[in-house]
Novice: 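Okay, here's the structure, questions in a sec.
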Amino acid sequence: MQEKRLTGYPSIDKPWLKKYSKGLINQPLFNGSAYEYIWEQNNKNQNDIAIEFFGKKISYKTMFSNINKIENSLKRIGIRKGDVVSIVSLTTPELIYLFYALNHLGAVANMLDPRMPKRMLLKLTKKANSKNIFILNIFNETCKFFCSLDDYNVILMEFSNSMPLLGKLLFLIKEKRKANKTADKWNDFMNKSDELCGDDLELQEESGNKPALIEYTGGTTGEPKGVVLSNNNINSVAEQYSKNGTELKRGQIWQCVSAPFIAYVMIVSTHLPLSQGVTCSISMYDPEKISKSIVKGKYNHIAGNPAVWEKVIQSKAKKSNLSKLVMPISGADSMSETLEKKTNLFLKKCGCKNVICNGYGMTESGAGSCVNLSKTISKMGSVGIPFINTVISVFDETTDKELKYGEIGEICIHGPGVMLGYLNNEKATEEIIKTHKDGKKWLHTGDYGHMDEDGFLFIDGRIKRMIIRENGAKVFPLEIEKEILKIDGVKKCAVIGKKDKMDQIPIGFVVLDKNNNNLNKNEIINHCRNGVQEYSIPDDILFVDKIPLTPIGKVDYRELERLVKVKSNENGEK
């Protein structure tokens, strides 16, 4: 049979579908609530382990029982279908129960980042029209703040509630926190419940396209925007991932970082494993500790960022047995090819049969849209192929004209994971989700990239990071970073643009390897002359001890911009 001839346009050819089982391509996705999905997938295997928390193992039976109790308590305090409930917490078993209880009730979980200033938390809570707020007790000052306000019903969640007895005692001794007398205690809240069985609860009808979860963008360009995700958005990411050929088996263990205010964690590292009968093993976000737990070979699936994987390969546990590791995923930030090669070498030496699986997605696309699937379906430097029901292509950012293979333009996503919209912000929604000439709604990611003829996506940079020179030339910082990282002795690199009169010039930040720190900036600039266009050659190189990162492990470009201003002021520049 002759192979279908390519048109040259990814959205028409969909070359990535050749990598998927034909029987799954036209199979409809689940249509229902997130709770319904995990119930349907697990109600016949309730003795399996759903959650692991500080060594304590919790079965699906216990999980569903607690979800049902919490749902009844939610009803008792007046929460109804369509209500928005705010949550300021880390991931604990109680947080997971609460999310699914709200979901089954038809309410919406508004996940707020505890690191936000209290006034910002209040602003976002008001914007969501949320009157009930659950706060983890380790955030006592935030709890006091909301309790001092009249219009909020505050319930204090207990961090140590599901810990083993010894762990709970040690935690309580260490914390020595006094209970907040003005907030409802978790146990008092739970006592409002009558016992209910999972199959006694009436399932919500037509819940698939109803809002289920609000997560927030990073707010690097202003106030964080609330991303409203439906049940189908959440479920589609989990279900598409399960169909990509990855060895997902009941009883495996998935490492989950305790950060539910990050969409990737809530959807890919929590809902996905729970929907497939895989144990969700919760760990606090600490790259050092996470890397140590990884090299012990406990997990079958790991979703880390480049900072975590760098710690892993730097560990002294070179004889680790990682043969159980099925899917070593990297996301949240771009991984350099140098780090990718080093990580793959480490994984191979430790018995892992797979390579690092770089992926790509946004909060606005349900956190996951494409991934390198396995050792045989992977390309160095790419972020993989689109999920089975998702279409990704590249467009001219000014005309929305689709570009052909190899051409660089704005990455756009069309698929079931694309959000309902931004919370109470129709204008911003229309700016990012646009209807193209093909009649489809496309999510504009703000990232530059290109796709090859096999359907693998490559990231070439961020539109907002792109440097526009005085003559109109476009400079991609990622291209310069990749070139500098080829130099022996360069450990890390980041490039930003600096305003210089009417021009914008590239400035490189470089971290040198301790064993090879004799490089000077002229050597690095001269190396770039042979690898990038003349207008992309860095104007200056600044050596630093480390590249600053945000709390979730991404490069902190705002801090780099501040450092450039400090350097300019020291030199007397205007």
Side-chain angles (χ1 to χ4, degrees), residues 30 32-53 56-87 89 91-111 132-134 136 153 155-159 161-163 184-208 210-213 231 234-235 238 250 256 260 266-267 270-280 282:
F30 181 85
S33 72
Y35 175 89
E36 288 172 325
Y37 189 47
I38 63 166
W39 173 256
E40 181 175 287
Q41 295 285 92
N42 296 291
N43 72 85
K44 295 179 181 178
N45 301 91
Q46 293 198 44
N47 290 326
D48 290 348
I49 302 302
I51 303 167
E52 187 178 68
F53 187 64
K56 185 172 182 178
K57 296 181 179 180
I58 300 166
S59 68
Y60 277 90
K61 183 177 181 179
T62 300
M63 181 181 77
F64 283 123
S65 175
N66 280 303
I67 291 170
N68 299 337
K69 290 176 185 177
I70 291 172
E71 180 177 5
N72 206 39
S73 292
L74 291 169
K75 291 177 182 176
R76 292 293 181 92
I77 65 172
I79 295 174
R80 297 291 181 263
K81 182 178 180 179
D83 288 349
V84 178
V85 175
S86 295
I87 303 171
S89 179
T91 305
T92 65
E94 286 67 35
L95 178 281
I96 294 174
Y97 308 152
L98 176 60
F99 169 71
Y100 287 112
L102 289 167
N103 185 264
H104 192 257
L105 186 58
V108 183
N110 184 37
M111 294 292 181
N132 294 279
I133 182 165
F134 287 77
L136 195 64
N153 178 33
I155 297 99
L156 196 64
M157 301 169 69
E158 296 287 339
F159 181 77
N161 196 68
S162 290
M163 284 184 179
D184 287 340
K185 309 302 183 298
W186 180 258
N187 289 337
D188 293 337
F189 166 73
M190 288 295 287
N191 287 337
K192 290 179 170 63
S193 172
D194 295 326
E195 291 281 348
L196 291 174
C197 296
D199 32 4
D200 285 340
L201 288 170
E202 183 182 351
L203 298 178
Q204 293 288 334
E205 293 183 1
E206 299 179 355
S207 55
K210 300 294 184 183
L213 177 66
N231 284 293
I234 296 167
N235 288 332
R250 187 169 292 277
C256 172
M266 197 62 207
I267 298 172
T270 306
H271 182 60
L272 192 164
L274 289 175
S275 72
Q276 303 302 316
V278 174
T279 300
C280 178
I282 302 168

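In this chain, residues are counted from 1 in sequence order.
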Novice: Are N187 and N161 close enough that some pair of their side-chain heavy atoms sits under 4.5 Å apart?
Specialist: yes
Novice: Using a 3.5 Å distance criterion without hydrogens, assess whether the side chain of N47 forms a donor-acceptor pair with backbone atoms of K61.
Specialist: no
Novice: Would you say the side-chain atoms of N231 pair up with the backbone N or O of S207, donor to acceptor, closer than 3.5 Å?
Specialist: yes
Novice: Of the options L102, I77, D83, N110, which is the one that meets N132 in a side-chain contact (heavy atoms from CB on, under 4.5 Å)?
Specialist: I77
Novice: Do any pairs count as a salt bridge (charged side-chain N to carboxylate O under 4.0 Å, His left out) and have a residue in residues 38-50, sequence neighbours left out, and if so which ones?
Specialist: D48-R250
Novice: Might you work through the side chain to side chain donor-acceptor pair (under 3.5 Å) test for N68 and H104, ending with a clear yes or no?
Specialist: CA-CA 9 Å; N68 299 337; H104 192 257; 5.8 Å; no
Novice: Looking at side-chain heavy atoms only, is the closest gap between N72 and K69 below 4.5 Å?
Specialist: no
Novice: Determine the minimum heavy-atom distance between C280 and C256, stating which atoms define it.
Specialist: SG-CB, 3.6 Å
Novice: Take M190 and N66 through the test side-chain contact (heavy atoms from CB on, under 4.5 Å) and record every step on the way to the result.
Specialist: CA-CA 9 Å; M190 288 295 287; N66 280 303; 4.3 Å; yes
Novice: Please say whether more than 12 non-hydrogen atoms of neighbouring residues, nucleotides or ligands are located less than 6.0 Å from NZ in K57.
Specialist: no
Novice: Calculate, to the nearest 0.5 Å, the distance between atoms CD and CG belonging to Q41 and L274 respectively.
Specialist: 11.5 Å
Novice: How long is the straight-line distance from CG of L105 back to CD1 of I79, given to the nearest 0.5 Å?
Specialist: 7.5 Å
Novice: For E52, which residues count as a salt bridge (charged side-chain N to carboxylate O under 4.0 Å, His left out) partner, sequence neighbours excluded?
Specialist: K298
Novice: Would you check if T91 and I96 make a side-chain contact, meaning some heavy-atom pair closer than 4.5 Å?
Specialist: yes
Novice: Is the closest side-chain heavy-atom distance between M111 and L95 below 4.5 Å?
Specialist: yes
Novice: Using the test ring-ring contact (aromatic ring centres under 6.0 Å, His included), find all partners of F189 that sit at least two apart in sequence or belong to another chain.
Specialist: F134, W186
Novice: How close do I49 and Y60 get, counting heavy atoms only, and between which atoms?
Specialist: O-CE1, 3.6 Å
Novice: If I take atom CD from residue E94 and atom CD1 from residue I51, how far apart are they, to the nearest 0.5 angstrom?
Specialist: 8.5 Å
Novice: With under 30° as parallel and over 60° as perpendicular, where do the rings of Y37 and H271 fit, or are they tilted in between?
Specialist: tilted
Novice: With rounding to the nearest 0.5 Å, note down the distance linking CH2 in W39 to CE in M63.
Specialist: 9.5 Å
Novice: Mind checking the CD1-OG1 spacing from I38 to T270? Nearest 0.5 Å is all I need.
Specialist: 11.0 Å
Novice: Any donor and acceptor pair, going by atom type alone, linking the side chain of S33 with main-chain N or O of N103 inside 3.5 Å?
Specialist: no
Novice: Rounded to the nearest 0.5 Å, what's the gap from CZ on F99 to CD1 on I234? Could you check?
Specialist: 4.5 Å
